Peer 1: 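There's a structure below that I have some questions on.
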There are 2 protein chains.
Amino acid sequence: MSENVGRWLRDEIENSILSNEFSPGERLDETVLATRFGVSRTPVREALMQLDAIGLIEIRPRRGAIVIDPGPHRVYEMFEVMAELEGLAGSLAARRLDKASREAITATHSRCGQSASAGDSDAYYYDNEEFHKAIYAAGRSEFLEEQCVQLHRRLRPYRRLQLRVRNRLSTSFSEHCAIVDAIFAGDGDEARRLLRTHVGIQGERFSDLVASMAVR
Amino acid sequence: MSENVGRWLRDEIENSILSNEFSPGERLDETVLATRFGVSRTPVREALMQLDAIGLIEIRPRRGAIVIDPGPHRVYEMFEVMAELEGLAGSLAARRLDKASREAITATHSRCGQSASAGDSDAYYYDNEEFHKAIYAAGRSEFLEEQCVQLHRRLRPYRRLQLRVRNRLSTSFSEHCAIVDAIFAGDGDEARRLLRTHVGIQGERFSDLVASMAVR
DNA sequence: AAAGCACTTCTTGTATACACGATCATTGAC
DNA sequence: GTCAATGATCGTGTATACAAGAAGTGCTTT
């Protein structure tokens, strides 16, 4: 529970939102949350204000907080920005790669390979996250890394949906291979290009996304 | 003062930080702020929590809030990300340009030209902001636009310092011209490339930045 | 005289109380 | 029977009170 109830609550509620325990559009009642977590309304309010500032919920004056529903189009836009940032991280990684980062990328990449060949989509989902984080870190830009991690977290639920699509697992992994090659070869432009297409949502993948979002 | 004291305070304090009224490293006393703005500590705390979530200040448990000092290196990283996002916005603008956006870009661009030829650095500073915002809007990606506007705001103080550098005004405007040409020609790749170099900080501009930051 | 310990004071963290606004239901009128 | 208006109830917004921890200061001891 750390030292700070407000901070703790923020993470707790954020996770509940990102894991879809609180659905988009759902109203978050301060009193209910307070009793549920066994604290008073004050830290709950502070947590909600922070989530509002981040953009996860919206607090309408005198009308309470609701979980923001991005909608397919906005999620697409978020992936578009994510692709751009990951591209930058990849190009930086290719230029600045050092021994430790290289090993981290290799390790997470091979774990992805194992999960992919095992067809374990849940394991791959986790390993994939670590792989991308390793690339952010290799870029050696703290600010970029933070932005990437934050956006990555917000897109987590949709990424998960995407992995369910047929053949996505092996396709994703072979793209990873090419990305690793480009980074290790020091080819920043190529790494950028590959990551952009890997992360971005083009063509039929957009309709896949819409379809999977409509199911919920 | 709007409807919401907390929201209002957040903007107020944020502006005070961005306009350097509160210096980096300075401690923000809740009670002092409360009496200064004539409210109780509660909305002040809520405003501070939000600023902490955005990353403008840091709240250390039981030790109060301090204004974050990014430091030259981190500011450089922020400009790097900004360049990337603006590049994306430019490429989208080139593809999706419509009549209204075209007129907005033309109008803000010509205003920049007037300020530049008049040598009015303060006016140019403002017009430049409007010009860039017109490009964000022309990209037709709400999420990207929000991200750009937010980062733009955080970088505002440093951008202002940069404009003071000799000849930067005319250089900046001629870069604008090329950017506008590329966007109007529908050349997304060129617009992206030009905006990246326009916004990013390369070579001696980095030492200019460090020097101007050291003065404060 | 300097260093360490204890005490006091100040500030933050959480809870609770109170007021205002919004929503919903009920009743009355058309 | 339906629509509108008014009142009641519930929930948010702000203030204040109280507790706990950190920092600074003063005293004592070596």
Side-chain angles (χ1 to χ4, degrees), chain A residues 1-18 20-70 150, chain B residues 1-18 20-70 150:
Chain A
M1 195 190 295
S2 136
E3 259 298 335
N4 226 318
V5 181
R7 206 70 62 94
W8 168 64
L9 273 178
R10 171 170 67 89
D11 295 341
E12 209 67 23
I13 299 175
E14 182 177 353
N15 285 333
S16 298
I17 292 173
L18 291 180
N20 235 323
E21 191 177 339
F22 296 137
S23 328
E26 183 172 341
R27 173 137 167 256
L28 298 178
D29 188 306
E30 295 179 358
T31 316
V32 172
L33 289 172
T35 55
R36 165 171 170 172
F37 290 106
V39 296
S40 86
R41 272 180 52 222
T42 306
V44 171
R45 282 184 61 77
E46 290 179 344
L48 292 180
M49 305 293 301
Q50 291 188 64
L51 293 176
D52 177 87
I54 296 176
L56 264 178
I57 67 174
E58 183 186 352
I59 298 181
R60 298 161 304 176
R62 295 263 173 211
R63 300 185 58 198
I66 58 168
V67 179
I68 282 195
D69 181 7
Q150 197 177 328
Chain B
M1 191 189 296
S2 139
E3 259 297 334
N4 225 319
V5 181
R7 206 70 60 95
W8 167 64
L9 274 177
R10 172 169 67 88
D11 295 340
E12 208 67 23
I13 298 175
E14 182 178 352
N15 285 333
S16 298
I17 292 174
L18 291 180
N20 235 322
E21 190 179 339
F22 296 137
S23 327
E26 184 172 341
R27 174 139 166 257
L28 299 178
D29 188 305
E30 295 178 359
T31 315
V32 172
L33 289 172
T35 55
R36 166 171 171 172
F37 290 106
V39 296
S40 87
R41 273 180 51 223
T42 307
V44 171
R45 282 184 62 76
E46 290 178 344
L48 292 180
M49 304 295 299
Q50 291 187 65
L51 294 175
D52 176 87
I54 295 176
L56 264 177
I57 67 174
E58 183 185 352
I59 299 182
R60 298 161 304 175
R62 295 264 174 210
R63 300 185 59 197
I66 58 168
V67 179
I68 281 194
D69 181 8
Q150 196 178 331

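These numbers come from the heavy atoms of this one structure, side chains and all, not from hydrogens, waters or symmetry mates. Throughout, protein chains are lettered first and strands after them, A, B, ... in sequence-line order, and every chain is numbered starting at 1. In this text the structure is predicted, and so the values were computed from the model without any measurement.
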Peer 1: Heavy-atom distance under 4.5 Å between the side chains of B:Ile13 and B:Phe37, does that happen here?
Peer 2: yes
Peer 1: Would you say A:Asn4 reaches C:dT12's phosphate, i.e. side-chain N/O to OP1/OP2 under 4.0 Å?
Peer 2: no
Peer 1: Does the side chain of A:Arg27 get closer than 4.0 angstrom to OP1 or OP2 of C:dA22 through an N or O atom?
Peer 2: no
Peer 1: Let me have DNA chain C in dot-bracket notation, would you? Count Watson-Crick plus G-U wobble pairs, both distances under 3.5 Å, and use [ ] for pairs crossing earlier ones and | for inter-strand partners.
Peer 2: ||||||||||||||||||||||||||||||
Peer 1: Grab the CD-C1' distance between A:Glu30 and D:dT12 for me, whole Å please.
Peer 2: 6 Å
Peer 1: Distance check needed: D:dT12 C1' versus A:Leu28 CG, whole Å only.
Peer 2: 14 Å
Peer 1: For A:Leu33 and D:dC10, what is the distance between atoms CG and P respectively, to the nearest whole Å?
Peer 2: 18 Å
Peer 1: If the condition is salt bridge (charged side-chain N to carboxylate O under 4.0 Å, His left out), which residues does B:Arg63 pass it with, not counting sequence neighbours?
Peer 2: none
Peer 1: Rounding to a whole Å, what distance do you find between B:Trp8:CH2 and D:dG13:P?
Peer 2: 17 Å
Peer 1: How long is the line joining CD1 of B:Ile59 and P of D:dG21, in whole Å?
Peer 2: 19 Å
Peer 1: Are B:Leu56 and B:Phe22 side-chain neighbours, meaning at least one heavy-atom pair lies under 4.5 Å?
Peer 2: no
Peer 1: Kindly compute the distance separating CD (B:Glu14) from CD (B:Gln50), expressed to the nearest 0.5 Å.
Peer 2: 9.5 Å
Peer 1: Roughly, in whole Å, what's the span from CZ in B:Phe37 to C1' in D:dA15?
Peer 2: 18 Å
Peer 1: Could you tell me if the side chain of A:Leu9 sits less than 4.5 Å from the side chain of A:Glu46, heavy atoms only?
Peer 2: no
Peer 1: Send over the distance from A:Asp29 CG to D:dG13 P, rounded to a whole Å.
Peer 2: 12 Å
Peer 1: Among A:Val44, A:Ile57, A:Leu51, which residue satisfies the side-chain contact (heavy atoms from CB on, under 4.5 Å) criterion with A:Leu28?
Peer 2: A:Ile57
Peer 1: Specify the residues of residues 39-50 of chain A, ordered by number, for which at least one heavy atom lies under 4.0 angstrom from an atom of DNA chain D.
Peer 2: A:Arg41, A:Arg45
Peer 1: Answer yes or no: is there a side-chain heavy-atom contact under 4.5 Å between A:Arg10 and A:Ile54?
Peer 2: yes
Peer 1: What is the distance, to the nearest angstrom, from the CZ atom on A:Arg62 to the C1' atom on C:dG21?
Peer 2: 5 Å
Peer 1: Would you say a side-chain N or O of A:Arg63 is under 4.0 Å from OP1 or OP2 of C:dT23?
Peer 2: yes
Peer 1: Do the side chain of B:Asp52 and the main chain of B:Leu48 share a donor and acceptor less than 3.5 angstrom apart?
Peer 2: no
Peer 1: Name the one of A:Glu21, A:Glu12, A:Glu30 that satisfies salt bridge (charged side-chain N to carboxylate O under 4.0 Å, His left out) with A:Arg36?
Peer 2: A:Glu21
